[in-house]
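The block underneath contains the structure these notes are about, expressed in structure tokens.
Computed from a prediction, not measured in an experiment: that's the story for all the values here. Convention: sequence-line order gives letters A, B, ...; per-chain numbering from 1.
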2 protein chains.
Amino acid sequence: MTPCIKCGSVENIVRSGFIRGKQRMHCKACNLYFTINPPNESSNKKPHQTTIIDIAKALGISPSTVSRALNKSNEINDNTRQEILRVANELDYRPNFLAQSLNRGETHTIGVIIPDIQRPFFAGVVAGIQKVATEAGYRVMICQSNESHHTETLNVQALVASRVDGLLISHSKETNSFEHVKLQLKKGVPIVHFDRVCNEVDTAKVIQEDFSGGFALVEHLILQGYKRIAVFAGPTDLLISKARIDGYRAAHLKYGLTIDEDLIYHGNFGKDEAEKALDYWLSLSQKPDSIFTIHYANGIEMIMALKERNISIPEDIGIVAFGDELIASLIEPSLTVFHQFPFTIGETAATLLIENIINKDSFIPHTKVVKGELIIRKSSLRNRTLTNS
Amino acid sequence: MTPCIKCGSVENIVRSGFIRGKQRMHCKACNLYFTINPPNESSNKKPHQTTIIDIAKALGISPSTVSRALNKSNEINDNTRQEILRVANELDYRPNFLAQSLNRGETHTIGVIIPDIQRPFFAGVVAGIQKVATEAGYRVMICQSNESHHTETLNVQALVASRVDGLLISHSKETNSFEHVKLQLKKGVPIVHFDRVCNEVDTAKVIQEDFSGGFALVEHLILQGYKRIAVFAGPTDLLISKARIDGYRAAHLKYGLTIDEDLIYHGNFGKDEAEKALDYWLSLSQKPDSIFTIHYANGIEMIMALKERNISIPEDIGIVAFGDELIASLIEPSLTVFHQFPFTIGETAATLLIENIINKDSFIPHTKVVKGELIIRKSSLRNRTLTNS
DNA sequence: CTCGTTTTCGGAAACGTTTGCGATAGTTTA
DNA sequence: TAAACTATCGCAAACGTTTCCGAAAACGAG
């Protein structure tokens, strides 16, 4: 039937099982096993991105020479280089980052993990990161954790699988264990935290003036004559929430005011949490005369809720909030805030990370604080004459 | 001096030039050229991400077997597989996407180019894209063009260099030539346009109801009794701007109103463009009684500018805008808009692209329209009794 | 002209993974 | 109990680049 592909003998051929659907043969003469392959007819090359090899073939030279020409090596004749560059341009050659990265062991890419890109704060941070990264020749890969610990862990794994050169992380609210970060840190992956940082691991961090901001806002309220200041806080173990409340406490301490712990409400940043908090506060025998929200969005919600209940701001209740957006200045009454600079935070974090990547060994983690700014608006301005003081 | 590394002879050695700083030798006996290398002392392995080879060595098997175990191949013993998985887990193995992608010829990554991530619309789109992509097992790489044609071109090249499986593009305002897109399309890169699309190239597109939205907004104004409707438009050659103005024209046509071309102002979405436009309109002998802004942000600006000039809204001038944000409902007076669904747009575009990637050959480009919604608010509600009609 | 020197190029290994194919050993069938 | 078969593994090529090192040729000085 089928002759041996080696000795050509026919009579010594026996069948020897099937392998992956194909009949396997055995030639007893030359002791050879083989299978019969249908000739591959579609051998015409598909259209593909042009490679260094395409250029080499077009010029009848070797790929290494082409590589040298493209990489400004000096071990190459200038005429050859010109020719290569010409052909490369002609074929619209784009170096394959995958191959380059695999070979060099670095991707020149940094991974970013944020809770939610739709929050203007994080969008600003990302923009800052991209600016610095692009200028330094780095690409950026963005993942959203959607405030889920599990997704965050998956994000870390995905980015590590992509072999990013470093990681920029702002933790989800849920995250209270940090094994996924520690693991990568142990493997030598540079990591920088920002905003929602984590003290359990030894990384560089970029934080805001959470304490000072909280202090400034509350001090402002106190100076405006408010005495019973309620706090709308985030989850109990969120670090930035803690720091801002510490500022709140410090301001009270400075002005000799006692703190009524009942006024501190721990919410979940949920949708109708503002209403709930208000219901709670207004049910107290000693009602608050002002509110400090840990997050500006809640400040907006509070204003809306208070307006619905016909409670006048800032007369009956004053409001201040941490964080700022255009909307805070446009709403009636405009909202007093501690303004953040998300873009700057992003820039700082990216700078720090790239520093860490480049000086992998000598880099010592440290923390940078990005200054904020108290912006006084109508929502807390009880005594208008004080404006110019 | 130095013996030949081959025949050991010393007297036949002559020096033969320098090569990369090292003395090159020539043995005339065995006709061998060689250089002397200092022994490499730091041969202890650096810490690295664990590879398939590490696992193979740990178990004394071959890398291919490990690969098969990890890829659920059936050509592997179940006990071996268990062992491999155990070790892989122990060593926290993460497959190298670079190597995988290089080998498979696909990255399972889609590239996204948007003008500015800080614009809530695009942040919403990106979120929609990421949702669909993640569910389909794709990663996302985001680039910002910053409304610059040049940067956009660089973005395309960078993403192509990263060998993304497909491209999702919303063009910059500047972009009026599309060679960079055509080039990649010719090379077989799947591309889907969204929002700021381009009719010159044959790609799938996701657009909004630009025409219908413009029509609905202007019709609403007309029904409210407004007769001289000004338009604040974008650059003349921005496609979506054109379509929305076409809706404006159509509405006029339907109700037999003539169009005063003087009322159409082409701005650049710049910062004080709103003021300029107002100055211009108010300088006309026939002043407008309402304004339609192509972009919601300009609507907000208009409201602010009008309030400063003590022009009452909607009595003296009504305002409607294309696009929506939380702020539009909170500002006083609240802004009538044609609400977009950026998240849906992102989802649709990503779905389309992935479809295109998977059925690369059979896919035929088509256009999908994401419905919008007219939301009537106070800025255009001249006749309050009409609300319930 | 000779020999050391420099310039310029090619070959091959390496990066980490997948996969076609052959090989071995054990298992079933007739 | 051979012959036919199956299960399981290893080898090597391939993906596209970079880079080490050697080779050939051109160059230079004495």
Side-chain angles (χ1 to χ4, degrees), chain A residues 14-20 22-26 28 31-37 40 48-56 59-71 73-81 84 93-107 161 163, chain B residues 14-26 28 31-35 37 40 48-56 59-71 73-81 84 93-107 161 163:
Chain A
V14 291
R15 281 183 293 175
S16 169
F18 280 92
I19 187 154
R20 279 167 283 261
K22 284 179 294 190
Q23 178 64 61
R24 189 173 182 232
M25 303 302 194
H26 181 211
K28 290 201 281 191
N31 189 27
L32 176 74
Y33 291 88
F34 62 94
T35 57
I36 309 297
N37 278 336
N40 196 348
H48 61 155
Q49 294 282 355
T50 76
T51 77
I52 233 172
I53 302 179
D54 294 328
I55 303 179
L59 289 166
I61 58 179
S62 93
S64 37
T65 307
V66 179
S67 174
R68 271 185 278 260
L70 264 24
N71 290 308
S73 158
N74 54 349
E75 292 192 10
I76 187 172
N77 184 289
D78 212 51
N79 297 324
T80 335
R81 181 200 305 271
I84 292 175
Y93 169 76
R94 303 284 156 214
N96 187 324
F97 275 146
L98 299 170
Q100 281 186 329
S101 301
L102 185 60
N103 182 280
R104 293 181 179 151
E106 53 180 31
T107 53
R163 296 299 186 269
Chain B
V14 291
R15 281 181 295 172
S16 169
F18 280 90
I19 187 155
R20 278 165 284 260
K22 284 180 293 188
Q23 179 65 61
R24 189 174 184 231
M25 304 302 195
H26 182 210
K28 291 202 278 192
N31 189 29
L32 175 76
Y33 291 88
F34 63 94
T35 57
N37 278 335
N40 196 349
H48 61 154
Q49 294 283 353
T50 76
T51 76
I52 233 172
I53 301 178
D54 294 327
I55 302 180
L59 288 167
I61 58 179
S62 93
S64 39
T65 306
V66 179
S67 173
R68 272 185 275 259
L70 265 24
N71 289 309
S73 159
N74 54 347
E75 292 193 13
I76 186 170
N77 184 289
D78 212 50
N79 297 325
T80 340
R81 181 200 305 272
I84 293 175
Y93 169 75
R94 303 285 155 214
N96 187 323
F97 275 144
L98 300 169
Q100 282 186 329
S101 301
L102 185 59
N103 182 280
R104 294 182 178 150
E106 56 181 28
T107 52
R163 296 299 187 269

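Along DNA chain D, the nucleotide closest to A:Val66 and the one closest to B:Gly60 are compared, and the more 5′ of them pairs with B:Gly60. Nearest-nucleotide positions on DNA chain D place B:Ser62 closer to the 5' end than the other of B:Ser62 and A:Pro95.
Note: CD1 (A:Ile76) to P (D:dA24) measures 20 Å, nearest angstrom. Rounded to whole Å, atom P of D:dC15 lies 19 Å from atom CD1 of B:Ile52. For the pair B:Asn74 CG and D:dT8 P, the interatomic distance rounds to 9 Å; values are reported in whole Å. With rounding to whole Å, B:Arg104 atom CZ is found 6 Å from C:dT19 atom P. For the pair A:Arg81 CZ and C:dT8 P, the interatomic distance rounds to 10 Å; values are reported in whole Å. C:dC15 atom C1' lies 12 Å from atom NE2 of B:His48, rounded to whole Å. We find that CZ of A:Arg94 is positioned 20 Å from C1' of D:dC15, with the value rounded to whole Å. Here C:dT17 presents its P atom at 13 Å from CD1 of B:Ile61, a figure rounded to the nearest Å.
When the side chain to side chain donor-acceptor pair (under 3.5 Å) test is applied to A:Asp54, the partners found at least two apart in sequence or on another chain are A:His48. Under the side-chain contact (heavy atoms from CB on, under 4.5 Å) criterion, A:Asp78 pairs with A:Arg81, A:Gln82, not counting sequence neighbours. Checked against salt bridge (Lys or Arg N to Asp or Glu O under 4.0 Å), B:Arg163 has no partners two or more places apart in sequence or in another chain. With sequence neighbours left out, A:Asn74 forms a side-chain contact (heavy atoms from CB on, under 4.5 Å) with no residue at all. Legend: residues meeting side-chain contact (heavy atoms from CB on, under 4.5 Å) with A:Asn71, ordered by chain and number and at least two apart, are A:Ser67, A:Arg104.
Residue A:Ser67 places at least one side-chain N or O closer than 4.0 Å to OP1 or OP2 of D:dT18. Proximity of A:Asn77 to the phosphate of C:dT8: a side-chain N or O atom is located under 4.0 Å from OP1 or OP2. In this model, the phosphate group of C:dC9 is approached by a side-chain N or O of A:Thr80 to a distance below 4.0 Å at OP1 or OP2. Distances shown here put every side-chain N or O of B:Asn96 at or beyond 4.0 Å from the OP1 or OP2 atom of C:dG16. Contact annotation: A:Thr51 does not reach the phosphate of D:dG16 (side-chain N/O to OP1 or OP2, under 4.0 Å). Distances shown here put every side-chain N or O of B:Ser64 at or beyond 4.0 Å from the OP1 or OP2 atom of D:dC9. Close to C:dT18, at under 4.0 Å from its OP1 or OP2, lies a side-chain N or O of B:Gln100.
Looking at heavy-atom distances under 4.0 Å, B:Phe97 makes no contact with the nucleic acid at all. When heavy atoms are screened at a 4.0 angstrom cut-off, A:Leu98 is found touching no nucleic acid atom at all.
For B:Leu102, whose side chain is taken as the heavy atoms from C-beta onward, the closest listed nucleotide among D:dC9, C:dG16, D:dT19 is C:dG16. Among the nucleotides D:dT8, D:dT18, C:dT19, the one closest to the side chain of A:Asn71 is D:dT18. Taking the side chain of B:Asn103 as heavy atoms from C-beta on, and the options D:dC15, D:dT17, C:dG10, the nearest nucleotide is D:dC15. Across D:dC15, C:dC15, C:dC9, the shortest atom-to-atom separation from the side chain of A:Thr65 is found for C:dC9. Comparing C:dT18, C:dG11, D:dT17 against the side chain of A:Ile53 picks out D:dT17 as the nearest.
Between A:Pro63 and A:Ala56, the shortest heavy-atom contact is N-CB, 3.7 Å. The minimum heavy-atom distance between A:Thr65 and A:Thr80, with the atom names listed, is CG2-CG2, 4.5 Å.
Looking at A:Arg68, its side chain comes within 3.5 Å of the base of C:dG10 through a donor and an acceptor atom.
Where the helix from C:dC1-D:dG30 to C:dA30-D:dT1 starts and where it ends, the local axes point in directions that differ by 40°; five pairs per end, rounded to 10°.
Residue A:Val66 is tested with A:Leu59, A:Thr51, A:Ile61, A:Ile53 for a side-chain contact (heavy atoms from CB on, under 4.5 Å); the sole match is A:Ile61.
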* Asked: Taking it one step at a time, do B:Phe97 and B:Thr107 satisfy side-chain contact (heavy atoms from CB on, under 4.5 Å)?
  -> CA-CA 8 Å; B:Phe97 275 144; B:Thr107 52; over 6 Å; no
